[in-house]
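Step one of this worksheet: look at the structure below.
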Amino acid sequence: MYREYKQLNLPALDAEILQFWEDEQIFKKSIEQRPADQSYVFYEGPPSANGKPGIHHVMARTVKDLFCRYQTLKGRRVARKGGWDTHGLPIELQVEKELGITKEDIGKKITVEEYNQACRDTVMRYKDLWDDITRKMGYWVDLDDPYITFENNYIESVWNLLERLYHKKTASGAPFLYKGFTIQPYSPAAGTGLSSHELNLPGCYKEVTDLSAVVMFKVKNTEKSAFLFSTEAEDVRIMAWTTTPWTLPSNVALTVGPDIHYAKVRTFNPYTAQAVSVILASERLSAYFNPENASIPMEPHDPAAKNPAIPYRIDRTFYGRDLLGIHYEQLLPYVTSPELETDGFVVIGGNWVTTEDGTGVVHTAPYFGADDFRACKENKVPFIGVYDDKGRLQPLVDRQGRFVQEMGEFAGMYVKAEYYPKEVTADKSFKSTDLLISLKLKDEGKAFKIEKYKHNYPHCWRTDKPVLYYPLDSWFIRASAAKERMAELNKTINWKPESTGSGRFGQWLENLQDWNLSRSRYWGIPLPIWRTEDESEEVCFGSVEALKQRVQDANAFINSKAGQELLSQQEIEAVIRSYDLVMRDDFDLHRPYIDQVVLIATNGKPMYRESDLIDVWFDSGSMPYAQWHYPFENEETFKRNFPADFIAEGVDQTRGWFYTLHAIAVLCFDSVAYKNVVSNGLVLDKEGNKMSKSKGNVVDPFNTIDTYGADATRWYMISNAAPWENLKFDLGGILESRNKFFGTLFNTYNFFALYANLDQWAIDEQNTMPYAERSELDRWVVSKLYNLVNDYRNAMDDYEPTKAARAIELFVDEHLSNWYVRLSRRRFWRGDMGPDKRAAYETLFECLMVVSQLSASLAPFFADWMYRNLTAPLREKAKHLHTPLRHESVHLTDLTQPDPGKIDQALETRMDYAQRICSLALSIRKKEKLRVRQPLQKILLPVLDEAFISDVEGVKDLILSEINVKEIEYITDASGLLKKGAKANFKTLGGKLGKDMKAAADLIAGMSNAEINALEKSGSKTVELNGNTYTLTPEDLLISTEDLPGWKVASDGSLTVALDVTLNDALLAEGTARDLVNRIQNVRKEQNFQVTDRIVVQIEKHPAILEAVLQFGDYIKAEVLAESIILEEALEAEKVELNDQVSLGILVSLN
RNA sequence: AGGGCUAUAGCUCAGUUGGUUAGAGCGCUACACUGAUAAUGUAGAGGUCAUCAGUUCAACUCUGAUUAGCCCUACCA
């Protein structure tokens, strides 16, 4: 028996199928039954289980899942190892929030050990939720044996990669892993430097309004600067602009463009009205001075007035190079040094200075800008800072983003307002440090202009607070040295969409910077590098074994004579402790343990670990190797699984995982890491806004799946728009998918099940009716089905799931349900099992079976449900005979192969005629208010071409029954009935007519019937247009029948249908008979009779039906399964409305 | 600031190498049909194809500019 259902309940169906998959281990079987040498490699980008899964994860994982399932059906072995991303800032921040601590407390209020333990406990917090959504959405991934980035084996593989880079050298001998001191983006709120790709994550650059200041540096009157002074006492100042006033105390130089033209201008300080002479780029004068004021009297303005006119005079002009070496007074003298007094506070040159904005003079603070740093180094300008307890020079802003104690009244202030707690900045009297500094400069007569300035400024992707550019010691990967190779290999990757690969990713590779690997953090993979304190010796480990060996060597050394002499007792004890530590079975490669490992250099000095951790992006980019603990284990497995055939993640991973996978693969193995990559877009709310907790527009994935089912959710997401477009997520859309696609398919299945059960029909796989013997309609739907198989495979092979899903929808809806089933209904419920009925069952079964396979990738639950229901009655036999339907799940079957032999283009053309003719005929009926149950005598079809009659004859029966007409009559020109019209065929005519096209179109439109016929007969016609002569052929005209005078006509393109609407008594009686059938069927249904029940019908005697019962009594009886129809003079029964005028009693009872 | 992508019906989306009247689904209105009924058919309403200019006999389609949105790039002081 086939299971029949009252109504579609997708969530219940999900539960049933899930249980089945788990009981029968279908996922496992789907992998293991495929040959190992036919692998299709998929990499799972590891999610972090310390956050809850969102609806966008359902989107991303649907994309991953559907291609993996598809390849499985194609016979590939698709192992899908799950993974967890367990390190990184988000986890640390969450722990700190929950423990109520900050970075500074680590090592004080809480030990590193405890802190890391807390992180370890947090990482898997929502694993259960993740497992649950994974299961419920039908994402097949192996979560029993996942890779976990904090495990020692994983870390060891990462170390191995780092060691490869450490020893790998560029052509010029530079190592790929190196340490450098640079100005880097740094997030004080997160307490860490940021890599360039972290800074390039979406949303990092935000438009913010900062305070900008144009300040004036007082020039010292020396021999060099004398030319700037008209009088000994003149107040000469250089103007510079900054958007970060907090860097002004760190100013040590002003940079000018040597070839830029500058001017000295006499004017007045806008705020104090004191006379002053300022120096700025000539081109920038107009930005600060109104030309009208060049001629007003040189008198001080009223500083209290609004927009006072401030007079000015250009005193003299010169080039930037003339200013080089000129010294000025320190602007904000909090910290200085003897070196600075002699070599600092000086004008230097830089060719990167522009006059696009500002003053053409760049305020230079070496610790807070990459250009500044380089410029000061090149010009030997001393840096400004204070010394820490180890005697190292540190900037005037500490790592929390606060001014150091030496900064007088600014000491301890955060340099950016965003770093303060909200309560502080919410206070109305709060003034940002930038503002306080600006006010001070104003008071001291050093400010020329203070104003707000809008610009884009980078923000930390995790804390959302602005970054500082800050000096840090870091380890880098010399990615820039391999950018050509990376770009070259990138060209071999199939990106979906293509533009992400060539555009976004490609351009990024072209401008590739070195990868800053260092993180000053606690919970992550430690750098496996040890150094002596004097940096004379360094070692990088690529395995735990090598580290252990080195520890053993160190232990041997301390027992030697040299060791005893060279090392202090403390150092000796440290080495002994190291030995005990690393030899433990549960030795943990994380901090703080790894930091306790002390080694001995060849010169006998102790070596300590470089304290940095590595960027977590390196963790996830290492997964192709580290998930197998390569190269320490699983060499064969790794080789079979590298590179990946397919990966998919959000487009936001372009600079994240997609990059790190690519970079590591290219640098370490000179290979791509993946061959095909799908980057999916954002999931927005239905209005197109980003989903965020604060907006309250977040869609809960559990809720959604519980309500609508996983398949409808998945189907909606993929069929609605291509994965790489942003999806405006609308629950209404899921409902639509459920009703339209799943509802239709469900109805079709239920229809099949109903009759197949009545007929006890099951397919005999080895003995089906040859297609050639089946009806036109059967062969047509099979032809459509195999076109679908082609289209589907092509779309999926091209990683275009949206096209694939839409193709299935079209077939199920338009072709299968709306045409094939609708027109075949009678074949299923009429008569006994004969060849035609058998063909109908076999055809419908095949369609449903193949559709279940094709939809299995995207709708794994429903497809399996349908497949299992369809095949349940024959599975035992199939197993016994080893036929294709022996599999217990659709996910274990082999995808139907394309079969050109089943595609019949000519048949599809014929059916297209049938569909269009029916549609036109029905539209005439509608217009003439002639119900379809009323039979009509005939339709007339003007003949289009030679094949037309035979084409239509092939599908004649379908047309006649569909539109309830008795016959088709073909008419040709000879009949004289046709009134033809013609339009110009622009495509053929355009080229040869050119400018005369318009005139030709008018001429053709105006051609008479006779002219058109003449042209058709003779095959050509010469016309003259605007003095040019052209020859028209029939192909240049699009000829259609415009009308058949005296008939009701409708047309579609060249196809025209005329309907004979005259009625006679016989037709009317038959119409009434069909109405009666319908009414009696309705009564049957109302009374819940079985479809097979035989009945007796009593009808109230009424003149309107007499003729119908008389002439068509047998027909009615056959249709409604009645033994007899009795006309009663009077009948106690409910009145049934036959038409507008007539109502009569009908009584139906079981025979 | 520069670069890229996008802009088609109320909504979600198609739209071939430029070619006649720009389509589908949903939603809306009316009428039908049905032994598939959360389905279906027919018809109707709904479009300045973002704006402007150019190329062309002909532009939703090609080119340029503009506007809006998104993404990317940038130390830009």
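Remember, it's a predicted structure, so these values are computed and weren't measured experimentally. Below, chains carry the letters A, B, ... as their sequence lines are ordered, and counting in each starts from 1.
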- Task: Compare side-chain N and O positions of Asn818(A) against OP1 and OP2 of G41(B) and report whether any pair is under 4.0 Å apart.
- Result: yes
- Message: Looking only at the side chain of Val821(A) (C-beta and beyond, no hydrogens), which of the listed nucleotides A36(B), A38(B), C75(B) gets closest?
- Response: A36(B)
- For Leu468(A), which contact category applies under a 4.0 Å heavy-atom criterion: base, sugar-phosphate, or nothing? nothing
- Message: Using atom C1' in both nucleotides, what's the gap between A65(B) and U55(B) to the nearest angstrom?
- Response: 15 Å
- Query: Mind checking the P distance from G4(B) to U42(B)? Whole angstroms is fine.
  - Reply: 46 Å
- Item | Counter-base of A7(B), judged by Watson-Crick or G-U geometry with both distances under 3.5 Å | U67(B)
- Query: Are Trp819(A) and Phe811(A) close enough that their ring centers fall under 6.0 Å?
  - Reply: no
- Under the 3.5 Å rule, do the base of A32(B) and the side chain of Arg925(A) count as making a donor-acceptor pair? no
- Ignoring backbone atoms, test whether Lys740(A) places a side-chain nitrogen or oxygen under 4.0 Å from the OP1 or OP2 oxygen of U12(B). no
- Message: If I pick the P atom on A36(B) and the same atom on G41(B), what distance separates them, to the nearest angstrom?
- Response: 15 Å
- Task: Quote, to the nearest angstrom, the C1' distance that separates A38(B) from G19(B).
- Result: 44 Å
- Item | Check: Tyr708(A) ring centroid to Tyr716(A) ring centroid under 6.0 Å | no
- By nearest nucleotide on RNA chain B, pick out whichever of Gly743(A) and Asp1075(A) is the more 5' one. Asp1075(A)
- Query: How far, in whole Å, is C13(B) from A50(B) if one measures between their P atoms?
  - Reply: 16 Å
- Between U12(B), A36(B), A38(B), which nucleotide has the shortest distance from any of its atoms to the side chain of Asn720(A)? U12(B)
- Indicate, yes or no, whether a donor-acceptor pair under 3.5 Å links the base of A36(B) to the side chain of Ser817(A). yes
- Distance between P atoms of A7(B) and G15(B) (Å, rounded): 10 Å
- Are the aromatic rings of Phe373(A) and Tyr367(A) close, with centres under 6.0 Å apart? no
- With both distances under 3.5 Å as the test, what is the Watson-Crick or G-U wobble partner of A24(B)? U12(B)
- Item | Residue closer to the 5' end of RNA chain B, Trp819(A) versus Asp813(A) (nearest nucleotide) | Trp819(A)
- Query: Heavy-atom distance under 4.5 Å between the side chains of Lys449(A) and Met239(A), does that happen here?
  - Reply: no
- U6(B) versus A22(B) - spacing of their P atoms, nearest Å: 24 Å
- Message: Work out how far the C1' atom of U17(B) is from that of U61(B), and round it to whole angstrom.
- Response: 11 Å
- Would you please indicate yes or no on a ring centroid separation below 6.0 angstrom for Phe862(A) and Phe742(A)? yes
- Message: Let's see if you can work this out: which of A36(B), C75(B), A38(B) has an atom nearest to the side-chain heavy atoms of Tyr469(A)?
- Response: C75(B)
- Given atom CE of Met717(A) and atom P of C13(B), what is their separation to the nearest angstrom? 13 Å
- Item | For atom CZ of Arg825(A) and atom P of G41(B), their distance in whole Å | 12 Å
